[in-house]
Every structure is written in structure tokens, then in C-alpha cells.
There are 4 protein chains.
Amino acid sequence: MSIDRVGVKNLSYPLVVRNKDNGVQHTVARVDLYVDLPSYFKGTHMSRFVEALQEWEGILDYHSFRKLLRDVQARLEARRSHLAFSFPFFLDQVSPKTNNPGLMEYECRFEGSLEEGKPNMFLSVQVPVMTVCPCSLAISDQGAHSQRAMVSIKARFEGMLWLEDLVQIAQTSASSPVYAVLKRADEKYVTEQSFANPKFVEDVVRSVALQLKEHELIKWFRAEVESFESIHKHNAYACIEI
Amino acid sequence: MSIDRVGVKNLSYPLVVRNKDNGVQHTVARVDLYVDLPSYFKGTHMSRFVEALQEWEGILDYHSFRKLLRDVQARLEARRSHLAFSFPFFLDQVSPKTNNPGLMEYECRFEGSLEEGKPNMFLSVQVPVMTVCPCSLAISDQGAHSQRAMVSIKARFEGMLWLEDLVQIAQTSASSPVYAVLKRADEKYVTEQSFANPKFVEDVVRSVALQLKEHELIKWFRAEVESFESIHKHNAYACIEI
Amino acid sequence: MSIDRVGVKNLSYPLVVRNKDNGVQHTVARVDLYVDLPSYFKGTHMSRFVEALQEWEGILDYHSFRKLLRDVQARLEARRSHLAFSFPFFLDQVSPKTNNPGLMEYECRFEGSLEEGKPNMFLSVQVPVMTVCPCSLAISDQGAHSQRAMVSIKARFEGMLWLEDLVQIAQTSASSPVYAVLKRADEKYVTEQSFANPKFVEDVVRSVALQLKEHELIKWFRAEVESFESIHKHNAYACIEI
Amino acid sequence: MSIDRVGVKNLSYPLVVRNKDNGVQHTVARVDLYVDLPSYFKGTHMSRFVEALQEWEGILDYHSFRKLLRDVQARLEARRSHLAFSFPFFLDQVSPKTNNPGLMEYECRFEGSLEEGKPNMFLSVQVPVMTVCPCSLAISDQGAHSQRAMVSIKARFEGMLWLEDLVQIAQTSASSPVYAVLKRADEKYVTEQSFANPKFVEDVVRSVALQLKEHELIKWFRAEVESFESIHKHNAYACIEI
């Protein structure tokens, strides 16, 4: 019986990731490296996966990822290679009034496979945002419950898709982005802006999906929103997949 | 834009699950309850999901799950309902020589959707097992590294598929099952039997997949094995999906 | 060299817990069972811990816990036994206006040791609550950010201390409790009440600590509040320990 | 009522850590920053903590950590500051026969407080190792069960204590270290060496504790070993604290 994926999983590895502005950043990834295994082979060579990663020494971007896909495929004499890097990615998020920079972390995943020379690439990101409940706002004499929510995007793409673009799509779809540093004037601004822009998870996921649908590099996507409701212990959730 | 899934996620709830021997057991589940939402509806009614669960009061089995699917679909006036229960499931595992019973826990998931009267049901289970490395055994003058490994099965099924059957498929595919209680004579037996039965993750996943393939109630499956290698920090992994 | 604690950790086990109203509830616990080991013993007998748990068959309360402490101490011929049960605990939380009941989960831990006949008992609970930010409320023309927060209490006690009492102390210290089911009228009430009652983590932790300090069965405590700020990705935190 | 610790928790931040060989490495940390709050202050200034971290721009070592402790104390006008950085730390672990280097990850924590000019510093590390069971080896005609185990050390220290030293103490106390890359000859060696060196968790924790006790920079420690038993689902555990 042939095996779809065999290899090493959950290997921790330091990584350099290329930013959209052509700079780079250091991070740490959880790495999975797999190949297919035909029915006539009993087993794969586990140590070769780790060697491929160690000799790669690349800066993670579209091109270096394809290079590693090819190298793993070749070393393991496989028909198909499959790799995934999951890592925190950092971007400066400037506060909206006092312009204080603050480093925000987004959990990301770069995943792809190579088969018969054809790559199949996925980029994923989790973007924390703020939601203000439209219903609570409408029915209450004062206030409305708000909460942190997580927008999760997984996109199959061709060409150069950037994490920065996905982060922006998520942030512009919510009641407000979240920030690392907010001074008094910023906090006033964020509160008022988010209350002027109340959103259900249904609203957020639709806005994310519409933007992803129009993106010319994106060939398939799944958009999810999970809102950690401040009035409940459970979460509100919405998902659009195309 | 229509939404594929909207509802409540990660609700914790006590549950009674029916066993294959027609007894029941008490456990606690993480529950997700979703419906689809057509483009002409702005939002869903989140509180109705929790009410449906609270008024369900069923013992979890194939029939009661379908009942809850229908009820959620009706209450939310939806075309499609989608539910998932994730819970620890307990089975007595008798030790192989001294016949001491010991309660073993298996992490399970019962998931399904209902659309136009047609249910689509999935059962998942994670079964801890033991693997002894055939390579290490073959090349070493003494010993071989062994480790705990996790067999994960997800199966789409029709009819009455039991968790007990999936557990058995996983256990018979490894070097040895694992146990809650092992006395001295049992430990000797388990050690010797597992060393007489060395298995790579590739061997385990193929054995699991072959048994799942032959099971008449199973229409689709994914079988995964993740071995927490005792000589590495990373894991060995294999997957067959049909 | 003598060993402070040796035994089995992270054993999953179904459990019955006694409620304050003298009813019982079924749940599932992660169990740790340890004893001390004097320097002149090479090792302990791991299988006896699991046997002690399996033969216990008690309903978890103060008395049965002491019984298990004594039994583990005796079976392992130890000077000191140490046990911990971590489990989800469920209580009905009635919605504030429409009086709809909804089952809420609280993560709990019952921990204790026995040495020279003297027990040392700890009860812990994690209670999700809602906080509305007083600063955001004061400076903004409209609204204020709110969020889910977690109150964590660990208390050393003598006599019969109930989880129900600790839950109430946490809930009455926050801007609002959280609920499983809220209808429209409830949501309006919770929003308005929480906005009439804005609290920093500092306010919440002080209120919790004051109530714990006055409780006659509590001999020591640690009170923590972690607020999942809706305007940040990081959390606000406060802790008082006595 | 005065508050023991108040501040920001679970902030993700890229970090540079100094190695023992005077090189540096890039990693990502979870950061907690707290101060005490006297009873006559209502609240602290949450944004100042993040600003202190952002303006710190240090390479993490003993001296820069003290500098950040002083800065947080000063900015928040506090009597006591308390910081913690948790991060993966990477070291090359050369395979024992073929001398192949392989990057191993160790989860670390640098924690400390400053009060009246007096620092109180803790270093923690989690080191995966391999254990071979002496009992299973003694009673079985062939083989012995082995598994991955985790050695956890937390040490209060004065002077320059290095993570590298704690890693070595853990590795020399087990049946064998674990590796990122092992070729065939290495796997044979590791298997045979570990089987020549069987260890219970009790043996491992005693060896770790003895070495920590003799270390002149270490003033207090807790040593824990958790063995992910390959024949069970639960773990064996031992702890010595001084």
C-alpha cells in the first residue's frame, strides 16, 4: 500500500523570513517535512529530511521554499514532497493617534507540495482583531460588549503573496485592529472607532472573504473568524471556504 | 455572500456516550454547533445553538446525533447543520498476563452534518500505542529504541460504527498496545512481545489503513501515526488517506 | 538522596464530584499521584498508584480525598502522599432577566498532601468573567472596551470549602459574570450592568482577595486575574498572594 | 490592599540571547512584565511595560536583564519589578559516532525580580532525554521499553549561570541524550549505550539533583523528570527540590 505522507513532524528550527519591504526577520518555526512512499518501498530515510533542512540555510520566501521542496524530493527519491513551516511573524503596528510603533505577532504557516514539477502553495495567518457587538450596541442604553477575536486565513496562491497583505485584509474587516502599544489618546480613538464600526463574526468573515476573492494571486481560500465573546465562555465562529 | 458555517465553538458540556456493549459512560465534551447562512441573512441566532444542546439531553449515539442535527437545522431555519463533539472515551484494557483491568482513555470526536435529509458522519479516535524500531533492533548488539506513538483515525461511515472497533484496529497494528496497569509479569510480556513485533510508522499506518479499507461501514478514512521517537525530539509521521 | 515526589502524572480518569447542594456530577480528571521516597529506597512501585485510584471508587469530596491520601501512603509505605485532581466542574448559571439556565464550566483542581496524619488541602478554580475598562469608558465619547477575563483562585483550606463559593467570589468581583445562554433582554442587562460597573484587573483582584481573606476556612490563597484585552494581543494581569 | 504583581502577560517578542561561547542566537520569547502596586495606588500604567521592552533593545544576558528590571522599576515607580522571558534555545548536538551536527531545541525561561537593589534570578530549561527501563531490561528475555523523557530544571542562581551547563547536567543524567540527526552508526551506538545505562526516573532526578547541588552558582533548585512511558498512556514522574 502506498503512503501519502511520511517524514518528520514538529521539528523546531530557527528561521529567517523575508518581509514584503525586502528586509528580513528572525523567528522560530515548527517544521514538518514529508514525501510520498510508493507501495514497493518498505520505509523512508528519516535522517535525510533533517539534513535537507540543515543544509538549506535559506531565507524563507517563495523561491527558497520551492528549492527545499525540490531538494527533499530529490534526496528521498520521491514523486511528491510536502513541507510546512509554522512560525510567529512580527510587524510594526503604529498606534492610530500618537503614532507609537509596537511590534505585533501573527502566527503564520507556509505550506506547500511539489509533484511533477508543479508546486501547490498555501499561506496561512492568524490575525487578532477587536469586534464590537452590533446587537448589544443597538439594544443597550449604554455600551456594547466587545472582545478579542481571531481571524484565520488559509490561501492557496500563485506568485508572490505576502503575509503583510493578508494581515491587512483581516484588520480592515474587523471593528478595529489590535495594538501592542496604545497611549491614552490612542485608546480613546480605538474605542470610539470600534464602536462606530460594530461587527458580528458574520460581517467580519464576509468582508475578509470578499477581499480574498478579489485578490488575483489567490486561487482558493478558507476564512475563519472566532470571537472570544466577553459575555460567554464559548466562542462565536464563522467560516467561508471557496 | 453566503457563509458555510456559523455558530458556537468550544462549548464545554457533560455528555453520556453509549458503549458498544450497550452500557453508557459519562464524559465531558468540547462541542461545536454550526449551520450555513444564506447570503440574504445578515446573522444567525447564537443563543439557539446552546438551547438546542441543552434541550437535547440525549445519550450520544448515531441516532441521537442525527436528532440533534435535525433540531439545530430546524431551530436555525438552515439548509445545513454541522456538529462536532470531542471527548475522552474510556475502555477497560485488561493486562495481558495477570488480567488486571485498567481504564484507558482515548480522545475521540463525533462529527457530522445534515443537508437535504442526508447525514454525513465522521468518527475519529486517537489511540496511544507502542512502537519498537526495526532498524535499531537489527543493527544493535543489544536492545532497540521504543516509544509511545499515537495512531489517529478519522473515518466517514454509514451505519453503526463503534469507537471500540477503531481502537482495536489501531492496537493490533502497533508493536504493542499500551496499558493503565501492568504488573511485573505483564511488563515482561509486553516488552518481549513488542520486541518480537518491531514496527516503523510506515508499517503501522499500512496495517491500520488495510483494516479500515476492508471495513464495510467505512466509506472514507485518514489514518495517521505519529511516533514520539525516544532518540529524537521530533516525531516520525506517516499518513494514508483514501 | 531522598526524592520529594515520585509517582504517576497525567493519568486521565472519570470522576464523580460532590456538589454543595449534596447532589453529584460526573466529570473527567487529570490525576497526579505521588509519594516521597527516602534515600535508602532505589525506586517506587508505579503500578500501585494506579491500583489505588482504581480501587478507590469514591465520590470526590473532602473525606474521600483524605481516604485516598491515606491509602496511597499505606500502599507505597511512604511518609508523605500527594494527590491532585484537575477537572471541569459544571454549574447552572441562570440568565439575569429571562431566567434561562445555562451550564457553565469551571476548570478546577483539588490537591492535597498527607504527612504524619496531617492533611494539607488546596482547592483551585478558574472562573471566566467580563471586565469593562474604566479608563476607556472615562475618556471615550462613546463606548469602552470590554473583554473576557479569567479569575484564578488557589486556596489552602481546612474544613468543607466548596467550589461554588469560590466561583461566586470571582463572579461578584468582576464587571459581570459570563453566561452560557443569554436572550435579548439578558444581553441588554449584562451590557448595561457591566458598563455601570467598570473594573481594572487591579480592582477585580483586590475584590477577590478581600473576600478570600475574610473567609474563615481559607488559611492561604493566591488570587490572579488575567484579562484578554480586546485592544491588545497581550493580556493584563494582577496577582495577590497571602 | 497592595498587589503583589501587576502588568502585562504573554507578550510575544523577538529576542537575541547570548550563548556561552559568546556568540548570540535569535529566538522568540513569551514575555511577562510585572511590578508591585502599593495599596494607595488604584492602578498601574500598562503601556509603559511594553515601551520599556521596546526601548530595551538588549541582547538577553544577566546584565541586560538586570538593566531591564531597573528600567521597569523606575518607569512604573515601583518598589519591586518582576520579569520573565520564555523562549526556545538552540544548541548544536553532535551525533556520537559520525559527528553530524544537528540543532536541538530546549525550552527555556529566564525569570527574575529586583527589590531594594537586590536581584533574585532564576534560570529554567527543559531537556528531552531518553530513558531505558531497568526493570523491563532485567526481567525480559529480550529488549526493554525505552521512551522520551523530559528533564526540567529551575535554578535560582548568582553570577553567570549558562543554559548550556544545565543542558549538560540533564543529558549526562539520563540513559542517553536525544539528537536531531542520527545516521545508522549513530543509532546503533545510542541504542547500545542507552541499554548499557538503564535509568528509572528516580535515578535520573537524583543524578540531576546531585550535580545541581554541587554547582557553586546555584542557590536553590527544583529538578523534575517526566518520562512518557512507552508502555502506558500516563507518565512516570520524580521531583527533588532544595
Side-chain angles (χ1 to χ4, degrees), chain A residues 88 90 93 95-96 102-107 126-150 174-198 227-235, chain C residues 88 90 93 95-96 102-107 126-150 174-198 227-235:
Chain A
F90 292 90
Q93 176 83 0
S95 78
L103 216 45
M104 282 288 303
E105 177 220 20
Y106 306 97
E107 198 55 38
Q126 296 188 328
V127 182
V129 297
M130 182 186 183
T131 56
V132 172
C133 176
C135 170
S136 170
L137 184 63
I139 63 180
S140 304
D141 293 341
Q142 195 205 4
H145 67 85
S146 63
Q147 49 270 319
R148 206 187 289 165
M150 190 64 85
S175 294
S176 173
V178 304
Y179 299 85
V181 178
L182 289 175
K183 304 305 291 181
R184 208 175 163 79
D186 300 313
E187 186 168 350
K188 174 177 161 63
Y189 179 88
V190 168
T191 304
E192 292 170 359
Q193 283 301 103
S194 62
F195 272 74
N197 197 23
S227 177
F228 310 112
E229 300 291 284
S230 58
I231 58 172
H232 294 303
K233 193 184 178 186
H234 58 264
N235 304 329
Chain C
F90 293 89
Q93 177 83 0
S95 78
L103 215 45
M104 283 286 303
E105 179 221 19
Y106 307 97
E107 197 55 38
Q126 295 190 328
V127 182
V129 297
M130 182 186 185
T131 57
V132 173
C133 177
C135 170
S136 171
L137 184 63
I139 63 179
S140 304
D141 291 342
Q142 194 206 5
H145 67 85
S146 62
Q147 48 271 319
R148 205 187 290 166
M150 191 63 86
S175 294
S176 172
V178 304
Y179 299 85
V181 178
L182 290 175
K183 304 305 291 181
R184 207 174 162 80
D186 301 311
E187 186 169 351
K188 174 177 160 63
Y189 180 87
V190 168
T191 305
E192 292 170 359
Q193 283 301 103
S194 63
F195 272 74
N197 197 23
S227 176
F228 310 111
E229 300 291 286
S230 59
I231 59 172
H232 295 302
K233 192 183 178 186
H234 59 264
N235 304 329

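In the text below, chain A, chain B and the rest are named by the order of the sequence lines, each starting its count at 1.
At a threshold of 4.5 Å between non-hydrogen side-chain atoms, the residues A/V190 and A/S95 do not count as touching.
The distance from atom CD of A/Q93 to atom NE2 of C/H232, rounded to the nearest 0.5 Å, is 12.0 Å. Atom OG in C/S227 sits 8.0 Å away from atom NE2 in C/H145 (nearest 0.5 Å). Rounded to the nearest 0.5 angstrom, A/K188 NZ and A/Q193 CD are separated by 10.5 Å.
Interface summary for chain A: among C/E105, C/E192, C/Q147, the most heavy-atom pairs under 4.5 angstrom belong to C/E192. Contact count against chain A (heavy-atom pairs under 4.5 Å) is highest for C/A180 among C/S176, C/A180, C/A196. The most heavy-atom pairs under 4.5 Å with chain C, out of A/V129, A/N235, A/D186, come from A/N235.
Residues satisfying the side chain to side chain donor-acceptor pair (under 3.5 Å) criterion with A/Q126, sequence neighbours excluded, are absent altogether.
By the neighbour-count criterion of 12 heavy atoms within 6.0 Å, atom OH of C/Y189 is sparsely surrounded, having that number or fewer from other residues, nucleotides or ligands.
Taking both residues in full, the closest heavy atoms of C/Q142 and A/F195 are given as OE1-CB, 3.5 Å, listed atom of the first, atom of the second, then distance.
For residues 130-137 of chain A, the interface with chain C (any heavy-atom pair closer than 4.5 Å) comprises A/M130, A/C133, A/C135, A/S136, A/L137, sorted by residue number.
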